[in-house]
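Working notes for the structure below.
Everything quoted here is computed from the prediction, not taken from an experiment.
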Amino acid sequence: YRGAKTMVKAIHELVGAEPVIVTGDFNAEMDERGPQHFLQSGFQLAVNEWVDSIFYSNDWELLSQGTGSSAGSDHHPVYAELRLKPSPSALHVK
């Protein structure tokens with residue numbers, strides 16, 4: 001949980017309001033405090049398989065997601081196709 005809090009704080013300090021995608025092995029299942037902190041901090045969940053997840057900021061639109069074969073690993077790869085939403089200022093171009 002401490003790691004998730006540190007990560008979210010660093011993301012906000014480094015990128016501010018820029019679009020963000022966070023991926024990785026979080027060493028915690030979705031019902032635990034770490035992953036829940038990402039959701040409570042405004043991130044969306046694209047996909048989760050065991051402890052591997054992809055989170056994204058609201059600047060993205062989720063097009064597809066899934067998991068692959070473990071191919072001998074104890075993890076299944078996760079993937080997501082995301083599209084950057086147009087910025088509000090780009091929508092008002094005359």
Side-chain angles (χ1 to χ4, degrees):
Y1 174 62
R2 187 177 323 145
K5 287 173 61 176
T6 301
M7 241 175 144
V8 168
K9 182 179 181 208
I11 289 166
H12 289 300
E13 289 173 356
L14 293 171
V15 300
E18 294 294 318
V20 176
I21 300 171
V22 182
T23 69
D25 174 346
F26 292 88
N27 287 324
E29 296 190 31
M30 281 306 301
D31 62 347
E32 295 183 54
R33 290 171 53 192
Q36 287 299 311
H37 184 69
F38 281 94
L39 297 175
Q40 293 164 357
S41 298
F43 287 94
Q44 307 296 315
L45 177 66
V47 62
N48 169 259
E49 174 66 33
W50 187 36
V51 297
D52 302 307
S53 301
I54 300 174
F55 294 96
Y56 61 98
S57 63
N58 202 33
D59 307 289
W60 300 92
E61 175 185 1
L62 178 62
L63 302 177
S64 65
Q65 56 81 18
T67 60
S69 168
S70 65
S73 172
D74 61 339
H75 294 257
H76 290 262
V78 294
Y79 62 88
E81 181 180 6
L82 300 161
R83 176 174 43 209
L84 192 58
K85 294 177 183 176
S87 68
S89 60
L91 296 175
H92 299 355
V93 175
K94 295 181 181 184

Tell me which donor-acceptor pairs under 3.5 Å the side chains of residues 8-32 have, and how far apart each pair is, sequence neighbours excluded?
residue : atom : partner : partner atom : Å
Asp25   : OD1  : Asn27   : N            : 2.9
Glu32   : OE2  : Glu29   : N            : 3.0

List the atom pairs, donor and acceptor, that lie under 3.5 Å between side-chain atoms in residues 40-52 and the rest of the protein, sequence neighbours left out.
residue : atom : partner : partner atom : Å
Ser41   : OG   : His37   : O            : 2.8
Asn48   : ND2  : Trp50   : O            : 3.4
Asn48   : ND2  : Asp52   : O            : 3.3
Asn48   : ND2  : Ser53   : OG           : 2.7
Asp52   : OD1  : His75   : ND1          : 3.2
Asp52   : OD2  : His75   : ND1          : 2.5

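Between the His76 side chain and the Gly68 main chain, a donor and an acceptor come within less than 3.5 Å of each other.
Between the CG atom in Leu82 and the OH atom in Tyr79 there is a gap of 12.5 Å [rounded to 0.5 Å].
With hydrophobic clusters built from ILVMFWY side chains whose heavy atoms lie under 4.5 angstrom apart, Phe55 does not share a cluster with Leu62. With hydrophobic clusters built from ILVMFWY side chains whose heavy atoms lie under 4.5 angstrom apart, Leu63 does not share a cluster with Trp60.
Crowding of Lys5 atom NZ: a count of heavy atoms from other residues, nucleotides or ligands under 6.0 Å not exceeding 12.
Under the side chain to side chain donor-acceptor pair (under 3.5 Å) criterion, Glu81 pairs with Ser64, not counting sequence neighbours. With sequence neighbours excluded, no residue forms a side chain to side chain donor-acceptor pair (under 3.5 Å) with Arg2.
Here salt bridge (Lys or Arg N to Asp or Glu O under 4.0 Å) pairs that include residues 65-76, with residues two or more places apart or in two chains, number zero. For residues 56-65, the salt bridge (Lys or Arg N to Asp or Glu O under 4.0 Å) pairs, not counting sequence neighbours, are Glu61-Arg83.
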